[in-house]
Amino acid sequence: NKKLFYKIMYSEGKWKKESLIDVEILSFAIYIDENEQIHLVYSNTKGELRYCTIKENEWLGKTIYKIENNNFEINNIKIKMIDNEMNIFYLLVENDGSDHGILMHCRWSGKKIKFSNIQDIIVIPSLKDHYSVHVNNDYQIDLFFITDEGDEVSLNYHSFENYIWSPRKRLYGIQGKDIGFEVLIDKDDFHILNKSKENEMYFLDYVFLDSTGQIEETRVCESKKNLEY
């Protein structure tokens, strides 16, 4: 029903009564810092990107940004903190039923806000999560995203270093439908799991990308039953 609630479960297993944060919510993400402070970012049907935190058991919020174009909605929000700056990622999706989306990056210091248009993509209706974001020890951001190319779906890569987004790099294509992916980064190597479905068969594939760009692919599993991971 697009209502966002909050409640606490105490150590003895008892729940506190839930409290309403806001209504008409489309997407939200939470970040908890080293002081266990909760940071909440969410979007609503009015085209607003809002920030909330809880102090003395009360939610305090403000609007970070409001979309000027009513044809778009903010979805698929993620948060990363770098040097006390909140990096907010989200997908702008046209709400007229088209498949056009824009991957966005918002850097917010608490006072100033800066936006980057990372990439236009073709949205896949059945896919809930179109991208994955990772921050390494040098504060470089690695972003992987999926877009529909008609005959197949492609997995692509961007990096953000020295406040600049690199050009898009297409990694490989994935055939079929019911697609999902997970990424693990080990130093300069990428480990990726792909889930897909073709002709009533479900597949789980492992893809290894080393620092030189070489790709190795291994089929982990194939089944007539749906795979969840």
Side-chain angles (χ1 to χ4, degrees), residues 27 29-32 75-82 87-93 99-105 116-162 164-229:
S27 176
I30 289 176
Y31 177 82
I32 302 176
N75 284 300
N76 208 172
I77 299 173
K78 301 181 191 295
I79 301 172
K80 298 291 182 181
M81 292 291 290
I82 302 175
N87 290 258
I88 306 167
F89 298 86
Y90 57 88
L91 189 60
L92 272 180
V93 181
D99 55 7
H100 176 228
I102 308 172
L103 268 175
M104 300 291 298
H105 175 209
S116 297
N117 180 331
I118 304 173
Q119 181 72 45
D120 284 55
I121 71 171
I122 301 301
V123 175
I124 304 167
S126 60
L127 188 63
K128 293 183 179 179
D129 200 356
H130 281 77
Y131 69 99
S132 177
V133 181
H134 307 264
V135 180
N136 66 23
N137 293 332
D138 296 323
Y139 298 117
Q140 174 183 311
I141 300 174
D142 296 303
L143 184 144
F144 301 81
F145 73 92
I146 275 182
T147 185
D148 193 344
E149 294 187 344
D151 56 341
E152 66 178 4
V153 169
S154 66
L155 184 69
N156 305 265
Y157 171 75
H158 284 286
S159 65
F160 184 71
E161 193 171 8
N162 297 324
I164 298 174
W165 280 103
S166 69
R168 166 190 172 182
K169 180 179 180 181
R170 188 184 188 280
L171 299 179
Y172 56 84
I174 307 171
Q175 297 285 339
K177 55 185 180 179
D178 194 20
I179 290 170
F181 74 102
E182 295 283 345
V183 179
L184 175 67
I185 299 178
D186 179 20
K187 296 181 180 179
D188 295 325
D189 298 329
F190 301 148
H191 305 266
I192 305 171
L193 280 176
N194 295 320
K195 174 193 171 188
S196 61
K197 178 185 178 183
E198 279 190 277
N199 301 322
E200 306 307 318
M201 291 293 293
Y202 294 89
F203 303 103
L204 187 64
D205 296 314
Y206 164 70
V207 180
F208 173 70
L209 284 78
D210 66 19
S211 57
T212 67
Q214 294 295 314
I215 297 178
E216 297 179 14
E217 183 175 344
T218 304
R219 175 138 295 168
V220 178
C221 179
E222 55 183 79
S223 172
K224 291 184 178 180
K225 296 182 179 180
N226 188 16
L227 303 176
E228 297 184 6
Y229 65 95

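- Note: F89 and H105 have parallel aromatic rings, judged against thresholds of 30 and 60 degrees for the angle between ring planes.
- Y31 meets the side-chain hydrogen bond (donor to acceptor under 3.5 Å, both in side chains) test with no other residue; sequence neighbours excluded.
- Ring geometry for F145 versus H158: interplanar angle under 30°, hence parallel rather than tilted (30 to 60°).
- Atom CD1 of residue I82 and atom CD1 of residue I141 lie 3.5 Å apart, to the nearest 0.5 angstrom.
- Using a 30° and 60° split on the angle between ring planes, Y157 and F144 fall in the tilted class, from 30° to 60°.
- Residues N117 and M104 meet the side-chain proximity criterion, which asks for heavy atoms closer than 4.5 Å.
- Scanning both residues, E198 and G176, for their nearest heavy atoms gives CG-CA, 3.5 Å.
- To the nearest 0.5 Å, atoms CG (N136) and CG (D186) are separated by 12.0 Å.
- Here the CG atom belonging to L209 is positioned 7.0 Å from the OH atom belonging to Y172, to the nearest 0.5 angstrom.
- Between I179 and I146 the shortest side-chain heavy-atom distance falls below 4.5 Å.
- Between the side chain of S159 and the backbone N or O of S166 there is no donor-acceptor pair closer than 3.5 Å.
- Note: F190 CZ to I185 CD1 = 5.0 Å, rounded to the nearest 0.5 Å.
- Although no hydrogens or angles enter the test, the distance criterion places no donor-acceptor pair under 3.5 Å between the side chain of D205 and the main chain of F203.
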S116 vs W165, side chain to side chain contact (heavy atoms under 4.5 Å, CB included): CA-CA, chis, key distance, verdict: CA-CA 9 Å; S116 297; W165 280 103; 4.0 Å; yes
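- Residues Y131 and I77 share a closest heavy-atom pair of OH-C, 3.9 Å.
- Rounding to the nearest 0.5 Å places CG of N226 at 4.5 Å from OH of Y202.
- Residues E217 and Y206 form no side-chain contact, since every pair of their non-hydrogen atoms from C-beta on lies 4.5 Å or further apart.
- Here the closest non-hydrogen pair linking L103 and I121 is CD1-CG2, 4.5 Å.
- Atoms CG and CD, from N194 and E182 in turn, are 10.5 Å apart once rounded to the nearest 0.5 Å.
- Residues H130 and I124 share a closest heavy-atom pair of NE2-N, 2.9 Å.
- Between T147 and I122, the closest heavy-atom pair is OG1-N, 2.8 Å.
- Across all their heavy atoms, I174 and S196 have their closest contact at CG2-CB, 4.2 Å.
- Listed by first and then second residue, the salt bridge (Lys or Arg N to Asp or Glu O under 4.0 Å) pairs involving residues 117-127 amount to none (not counting sequence neighbours).
- The shortest side-chain heavy-atom distance between D210 and D188 does not fall under the 4.5 Å cut-off.
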